[in-house]
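What you see below is based on every heavy atom in this structure, not just the backbone, and it leaves out hydrogens, waters and symmetry mates. All residue numbers in this chain count up from 1 along the given sequence.
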Amino acid sequence: MSRWRKGVRRAGTVLQSAAHQLMQPFLNIVISALVIQQTSEAVWGEFIAVLIVVQLVAHIAAWGSRDYLLRAFSEAPNQIRWQWQSNVLTRGLLLLMGAV
């Protein structure tokens, strides 16, 4: 594979990652505008309280999981399936406790 093709492929990956990072703030603005337009500011205030709790629980459950998994996968590539399942189970338990 030529250097140019690798560069194009890498640029595509970077752009995809950047778009993914910008999607959540953009969607938050769109959702807030739609809720306020369709209902009222009071409904948005009630909705945002729930949204903050849900995002906080999801953020706490995701702490370090990507970095941990990348490190664990590189240290023991023959145990990727077990490590991933273990991580999903523990993060799922955190999410369940946060949801309760």
Separation of Q55 CD from N28 CG (nearest 0.5 Å)
5.5 Å

Spatial distance of atom CG (L56) from atom CG (L51) [nearest 0.5 Å]:
11.0 Å

When you measure from the side chain of S17 to the backbone of V14, do you find a donor-acceptor pair of N or O atoms at a distance under 3.5 Å?
no

Value rounded to 0.5 Å, distance of CD1 in I31 from CD in Q24
9.5 Å

With V50 as reference, evaluate I52, I48, V54 under the side chain to side chain contact (heavy atoms under 4.5 Å, CB included) test and give the passing residue.
V54

Is there a donor-acceptor contact under 3.5 Å from the side chain of S86 to the main chain of W82?
no

Straight-line distance of Q83 CD to Y68 OH, nearest 0.5 Å:
5.5 Å

Do any N or O atoms from the side chain of T13 and from the backbone of R9 form a donor-acceptor pair under 3.5 angstrom?
yes

Can you tell me how far OG of S40 sits from CD of E46, rounded to the nearest 0.5 angstrom?
8.0 Å

Would you name the heavy atoms of N87 and T90 that are closest together and state the gap between them?
O-OG1, 3.0 Å

Grab the two heavy atoms, one from I36 and one from W44, that are nearest each other, plus how far apart they are.
CG1-CB, 3.8 Å

With a 4.5 Å cut-off on side-chain heavy atoms, are W84 and L69 touching?
yes

Does a sphere of radius 6.0 Å around CD in Q16 hold more than 12 heavy atoms from other residues, nucleotides or ligands, not counting ones at 6.0 Å or beyond?
no

